[in-house]
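Below: one structure in structure tokens.
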Number of protein chains: 2
Amino acid sequence: MHQHIRVTVDAVIFGYNSRDGLSVLLIKRTIPPYIFKWALPGGFAHNDEPLEDCVKRELRSETGIQINYLEQLYTFGAPERDPRGRVLSVAYFGLVRPTALSTPPKPVINSSFLNKTSDDREARWCKLNELPQLAFDHNMIIEKALVRLRNKVRYEPIGFELLDSKFPISELEKLYELLLSRPIDRRNFQKKLNSLGILIAHEEKQKAALQGRPAKLFSFNEQEYSKLRDEGVYFEI
Amino acid sequence: MHQHIRVTVDAVIFGYNSRDGLSVLLIKRTIPPYIFKWALPGGFAHNDEPLEDCVKRELRSETGIQINYLEQLYTFGAPERDPRGRVLSVAYFGLVRPTALSTPPKPVINSSFLNKTSDDREARWCKLNELPQLAFDHNMIIEKALVRLRNKVRYEPIGFELLDSKFPISELEKLYELLLSRPIDRRNFQKKLNSLGILIAHEEKQKAALQGRPAKLFSFNEQEYSKLRDEGVYFEI
DNA sequence: ACAAAAGTGTTAGACATACACCCATGT
DNA sequence: ACATGGGTGTATGTCTAACACTTTTGT
């Protein structure tokens, strides 16, 4: 009995802004199978490469994007998920700040990955509700990542990772309204965050308030959060 | 560049009773590396076998145990985790009822897995706080499973899967006190569960009350729980 | 009758929800 | 001045936490 299973990693990278909502990072495939179809960034692991390094390498070479948060999502192992044979995919789940979202992703042509098709490489952000049919089981992988995001955001402070490091509270609120798909009272939301004591208020104000009074900017106090967590205080929205 | 990565599955199976607390199912290795060391049940995946089928097959053949709940935990992929070379482990996390715990695990000698070492096979339950040093990174895998159990039990009704299908509320309470490592008020706990409406009360009483008044038996109302969840009512302890 | 655990109800405080007015800015 | 969103406080109701006595069984 000789085992022959290949291993890939794939990354579901979410970006957010209040205009477009959630977006996912996609690349266009340049080789079969599913040639010219959109897919998640990813690829085969090297023999001596930790899986997380592999994701980061593929993300850099395929999209050049700066990620802000990364965790393992799930391993997809259905025998028929890849027409080339048995290919396991260890999927990761990542978040980027809006700045990464506003600059179009650009493949980094790294000498060690140069090949005849590398000129065709193309990457882009795609709004979550405008996703096309993707290669392999990648639509299913995104679905799983979305469930993870929606659940996790309720009891761990990962929402901050989708915003600029300084943000007005209203941005955080809109993000939570989107993810939890229910309206949130602006005043109660602010009160709750203040009572948790994990926000740092800055003197700066929002630069280009499109309309209305410019908002104060806040950032996430990671140290204070770690301290509270160690004391057994739970973050919860 | 030719990829050579092998894939195993490993299972962290928890059992519980109020006398011993949590126990984990272990097998004694009969082949190198780590020969004669205790390890998690598991083994190499077959080429065309879904990962979950593989876990179930290994559990049956190595321990003969009846599992009650199973989900994927995490994929461990550090390049040096196995001295034989690059071996990925897709770890699963499972729960059994106390009845499975009280009957000692017995390897099922299945003709397709008969080999010269199968007579030496040995499996046993080991209390969580008496774990020896295990083969590979299996202690770390158990640690991760324990964190998952402790977190998940708070917002999903998986605690029931560790009890007999009919149980007195005090058993559930003791389980939660252990997992959350804090005392729980008996009366408030009962009130909360009643208000959730996910318990079915039975006429039967606890058979062998060792001391004191015999308790009513309850079971988990899975259908009612699904209904509530679909309506957006969250389970939370 | 006594020990041990089960069953039950009330009260006070904490937290979540609902809601309205004033403030700062751009047009 | 007006439109737009930001900042703040208070009242109400709901849920949680604390707590004590009675009941049923075995010895």
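Chain letters run A, B, ... following the sequence lines, proteins first and then strands; every chain starts at 1. Quick caveat: nothing in here was measured; it's all calculated off a predicted structure.
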- Without swapping roles, check the side chain of S226(A) against the backbone of E222(A) for a donor-acceptor pair under 3.5 Å.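 Such a contact is found between S226(A) side chain and E222(A) backbone.
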- Could you give the NZ-to-P distance, from K216(A) to dG6(D), as a whole number of Å?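 Spelled out: NZ on K216(A) to P on dG6(D) is 13 Å.
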- Query: In whole Å, what is the span from the CZ atom of R182(B) to the P atom of dT16(D)?
  - Reply: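 So the CZ-P distance, R182(B) to dT16(D), works out to 12 Å.
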- Any ring pair (Phe, Tyr, Trp, His ring centres under 6.0 Å) pairs touching residues 141-164 of chain A, not counting sequence neighbours?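 Non-adjacent pairs meeting ring pair (Phe, Tyr, Trp, His ring centres under 6.0 Å): Y155(A)-Y155(B), F160(A)-F167(A), F160(A)-F220(A).
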- Message: Checking D164(B) against R97(B) for the salt bridge (Lys or Arg N to Asp or Glu O under 4.0 Å) test, could you report, in this order, the C-alpha distance in whole Å, the side-chain angles of both residues, the deciding distance, and whether it holds?
- Response: CA-CA 5 Å; D164(B) 288 311; R97(B) 308 223 127 115; 5.8 Å; no
- Task: Compute whether any side-chain donor of one residue and acceptor of the other, for S219(B) and S165(B), lie under 3.5 angstrom apart.
- Result: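 There is no such pair between these side chains.
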- Query: What are the residues of residues 152-179 of chain A, sorted by number, that bring a heavy atom to within less than 4.0 Å of DNA chain D?
  - Reply: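 Those residues whose heavy atoms fall under 4.0 Å from DNA chain D, taken from residues 152-179 of chain A in numerical order, are S170(A).
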- Is the NZ or CZ atom of R154(A) both under 6.0 Å from the centre of the six-membered ring of F235(A) and within 45° of that ring's axis?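 The answer is no; the distance or angle limit is not met.
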- Message: Quick one, L22(A) with L149(A), criterion side chain to side chain contact (heavy atoms under 4.5 Å, CB included). Give me CA distance, side-chain angles, the key distance, then yes/no.
- Response: CA-CA 11 Å; L22(A) 286 171; L149(A) 177 61; 4.0 Å; yes
- Report the distance from atom CD1 of I237(B) to atom C1' of dT16(D), rounded to the nearest whole Å.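 Value for this atom pair: 13 Å.
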- Identified side chain to side chain contact (heavy atoms under 4.5 Å, CB included) counterpart of Y92(A) within the set L40(A), L73(A), L51(A), I141(A):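 So the option named by the test is L51(A).
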- Task: Measure from CD on Q211(A) to C1' on dG7(D) and round the result to the nearest Å.
- Result: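 For the pair Q211(A) CD and dG7(D) C1', the rounded distance is 18 Å.
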- Query: Got a sec? Which of residues 183-201 of chain A come in under 4.0 Å of DNA chain C, heavy atoms?
  - Reply: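 Heavy-atom contacts with DNA chain C come from D185(A), R186(A), R187(A), N188(A), K191(A), K192(A).
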- Task: Measure the distance from CZ on R213(A) to P on dA24(C) and round it to the nearest whole Å.
- Result: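 Interatomic distance, CZ of R213(A) to P of dA24(C): 5 Å.
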- Could you go through the salt bridge (Lys or Arg N to Asp or Glu O under 4.0 Å) check for K216(B) and E204(B) one step at a time? CA-CA 6 Å; K216(B) 276 191 218 162; E204(B) 297 172 70; over 6 Å; no
